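Report on the structure given below.
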Amino acid sequence: METESEPYVRLASLRQLHQVMADMNTARSLADTLQTVADGVITALGYEMACVNLVRPDGDLVVAAFSGNSAAEALITGRVGSRDSWDRRLGMGEKWGDLVFIPHTEGWVLDDDDVPQWYTDGPAPRFEDEWHPSDRLFAPMYTPGISGSSCGELLGVISVDRPRNGRHPGAWGREALQMYAFQAAIAISNARLRANMQRALVRLEREQQALRASEESFRQAFEYAPSGMAIAEMGGDQHGRILRSNDALCRLLGRPASAMRRYSFSDLVHPEDIGTLLRTSAEGGRAELRLGRRDGTYVWVSLRNSVVADAADGPRFLLTHVEDIEERKRRELQLAHRASHDALTGLPNSAELRSRLTSRLCRRAGDPESLDAAYGHPAYDVNGHGFDFAGSASGGSSSYDGFDHHVHTVAPDESRDDGAKGLAVLFCDLDGFKSINDRFGHNAGDAVLIEVARRLSRGVRDGDTVARLGGDEFVILADGLGQADAQDLAVRLRNEIIQPIRAEGRAVRVGASFGIGWAHCGMTADEVLKSADERMYVEKRSRPKAHRRAG
């Protein structure tokens with residue numbers, strides 16, 4: 001092309017230029033693309049040397065490719081020129097479209113800047129358009145889609161030197177170099193994009209490999225964990241449905257994995273623990289509750305939930321860890337039972353009796369202890385299970401001082417039997433028990449107390465409380481009784497107690513005195529017990545001594 005007179009250009013030269021541009025866009029890497037750009041200037045545009053200066057992320061330009069002179073290539077490849085120096089160069093000289101030509105008459109001022117360069121001196125031009133060794137010609141490359149040096153982002157600069165025909169390029173040569181720089185910018189941008197995509201693909205593959213390894217580690221940790229593990233749905237209609245369970249959980253509950261997928265945790269939890277489960281599921285926390293086995297029994301477990309979140313959709317699953325705490329819970333319940341029950345008879349002890357009685361009573365309005373008295377202790381039935389204050393008690397109103405669920409305990413009117421019913425407190429004291437201890441020893445006395453406790457428990461209704469207050473004193477709490485009912489109960493229990501008792505190989509007898517008190521709101525537990533105790537002593541003194549002793 002350099003030996004042809006414009007506007008006459010051989011078709012072969014155009015084909016060569018087309019081939020070079022095609023090679024730029026099919027290079028395998030960014031480095032190959034840059035070298036192809038530099039080589040194409042030599043093979044297709046008719047220059048003896050070419051250099052590709054590429055803008056770095058920090059804005060400076062590095063010599064990224066060189067062609068045409070191996071000595072110069074070794075000297076400047078990889079060296080960096082500051083952006084300020086390059087901006088100065090691109091702002092000087094003559095503007096040939098997007099090209100910048102700095103003649104040797106002006107270029108001497110650039111000899112000492114930090115842009116990597118090669119130059120030689122030579123004689124003055126013999127004719128007007130003769131190329132001088134110190135002439136400089138730059139072809140800026142801008143990001144694709146933006147043309148003109150006054151706008152757009154600078155991608156790099158192609159520097160060319162020594163046209164083979166020894167002349168400044170004419171209109172065709174300038175147009176060809178400008179077009180070449182435009183196409184080179186496209187090729188370099190595409191090469192960068194491909195490189196970024198390749199790096200992204202490599203990174204994605206590594207992340208996928210790491211994810212697969214992580215998933216495999218999780219699978220093994222999940223499947224072979226020594227304690228139960230489950231993955232459950234979170235939210236929606238299927239909230240809590242078990243999606244996956246490990247072998248340890250299946251063994252704990254005696255259910256195969258295929259059957260577990262038919263349940264949610266709410267299907268398996270003990271009815272009394274459903275509220276605890278719902279709170280734990282919502283909060284992603286920890287709770288202790290009972291889960292049902294296949295054989296119909298329940299096992300105490302520690303259940304801990306972790307929310308598995310999705311970056312786009314928010315919380316998606318619950319990862320549930322289930323630990324068998326049956327043995328620990330059994331020990332805790334045994335300790336709690338020992339703390340609240342008499343060691344000899346197994347009946348509720350004095351503290352438990354007062355707790356149960358206090359839970360049924362609210363204090364007088366305005367009493368600063370009213371809240372503690374009414375709600376400071378949980379309510380229990382005879383088996384120790386909790387209940388709320390919504391249970392029935394005749395004669396009571398439905399609220400008290402703003403507490404909607406408390407039903408007043410009201411004593412029947414003792415002046416007349418109008419059929420009203422209340423909470424009867426029967427205070428029982430054994431007659432003749434001391435003489436059995438003195439004559440036959442404490443083992444015999446213990447046997448008598450154990451048998452009396454058994455007979456009292458057998459003689460009351462489910463839900464009534466029989467407690468040992470201490471020594472040979474017992475207390476019965478019986479709700480929903482009228483005055484006649486309470487008297488009949490005391491007679492029946494006395495008749496049970498006075499029957500002969502086997503103790504240390506002999507038959508002995510004890511008597512029993514009963515005092516009947518009535519609990520009502522506004523009293524304390526001690527006040528109720530004191531009232532029943534006083535009535536018991538009145539009843540004991542009213543009977544002849546011979547009738548009191550039966551042993």
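Just so it is clear, the structure is predicted and the values come from calculations on it, not from any experiment.
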**Asked** Is the closest basic N to carboxylate O distance between R88 and D84 below 4.0 Å?
**Response** no
**Request:** Mark yes when over 12 heavy atoms from residues, nucleotides or ligands other than R212 sit less than 6.0 Å from its CZ; otherwise mark no.
**Result:** yes
**Prompt:** Under 6.0 Å from the OH atom of Y224, do we count more than 12 heavy atoms belonging to anything else shown?
**Reply:** no
**Request:** Assess the side chains of S264 and D267: does a donor N or O sit below 3.5 Å from an acceptor N or O?
**Result:** yes
**Prompt:** If every non-hydrogen atom of P226 is compared with every non-hydrogen atom of A248, which pair is closest and at what distance?
**Reply:** O-CB, 3.7 Å
**Request:** Check the angle between the aromatic planes of W96 and F101 and answer parallel, tilted or perpendicular using the 30° and 60° thresholds.
**Result:** parallel
**Message:** What verdict does the side-chain contact (heavy atoms from CB on, under 4.5 Å) test give for I274 and S266, after you've listed the backbone C-alpha separation in whole Å, the side-chain angles of each residue and the deciding distance to 0.1 Å?
**Reply:** CA-CA 7 Å; I274 188 68; S266 60; 3.7 Å; yes
**Prompt:** Which heavy atom in W131 sits nearest to a heavy atom in H168, and how many Å separate them?
**Reply:** CE3-CD2, 3.5 Å
**Request:** Using a strict 4.0 Å threshold on nitrogen-to-oxygen distance, state whether D113 and R89 make a salt bridge.
**Result:** yes
**Asked** Is any NZ, NE, NH1 or NH2 atom of the basic residue among R290 and E326 found under 4.0 Å from an Asp or Glu carboxylate oxygen of the other?
**Response** no
**Asked** Just by distance, with hydrogens left out, do S214 and S217 show a side-chain donor and acceptor under 3.5 Å apart?
**Response** no
**Item:** Distance-minimising heavy-atom pair for P348 and H341
**Value:** N-CD2, 3.4 Å
**Request:** Determine the sole option in L154, D60, V55, L61 for which the side chain to side chain contact (heavy atoms under 4.5 Å, CB included) test with W86 is passed.
**Result:** L61
**L319 vs N305 side-chain heavy atoms within contact, under 4.5 Å** = no
**Prompt:** Distance under 6.0 Å and angle within 45° of the ring axis: does R167 meet both against F127?
**Reply:** yes
**Complete:** Tightest non-hydrogen contact, residues I42 and S67, listed as CG1-OG, 3.5 Å
**Request:** Before accepting this row, confirm whether a basic side-chain N of the pair R293/D295 lies closer than 4.0 Å to the acidic partner's carboxylate O.
**Result:** no
**Message:** Counting only heavy atoms not in E128 (residues, nucleotides, ligands), do more than 12 fall under 6.0 Å from its CD?
**Reply:** no
**Asked** For the residue pair L249 and A230, what are the closest heavy atoms and their distance?
**Response** CD2-CB, 3.7 Å
**Request:** Check step by step if side-chain contact (heavy atoms from CB on, under 4.5 Å) holds for Y142 and L155.
**Result:** CA-CA 5 Å; Y142 296 95; L155 184 64; 5.9 Å; no
**Request:** Check the side chains of D114 and S85 for a donor-acceptor pair under 3.5 angstrom, ignoring hydrogens and angles.
**Result:** yes
**Request:** Start with the C-alpha distance between F317 and R244, add both sets of side-chain angles, then the distance that settles side-chain contact (heavy atoms from CB on, under 4.5 Å), and finish with yes or no.
**Result:** CA-CA 11 Å; F317 304 105; R244 188 175 176 182; over 6 Å; no
**R164 charged N/C atom sitting above Y47 aromatic ring, 6.0 Å / 45°** = no
**Request:** Tell me, please, whether Y263 has R255 positioned over its six-membered ring: NZ or CZ under 6.0 Å from the ring centre and within 45 degrees of its axis?
**Result:** yes
**Request:** Identify the heavy atoms of L137 and P169 that sit nearest to each other, and give their distance.
**Result:** CD2-CG, 4.0 Å
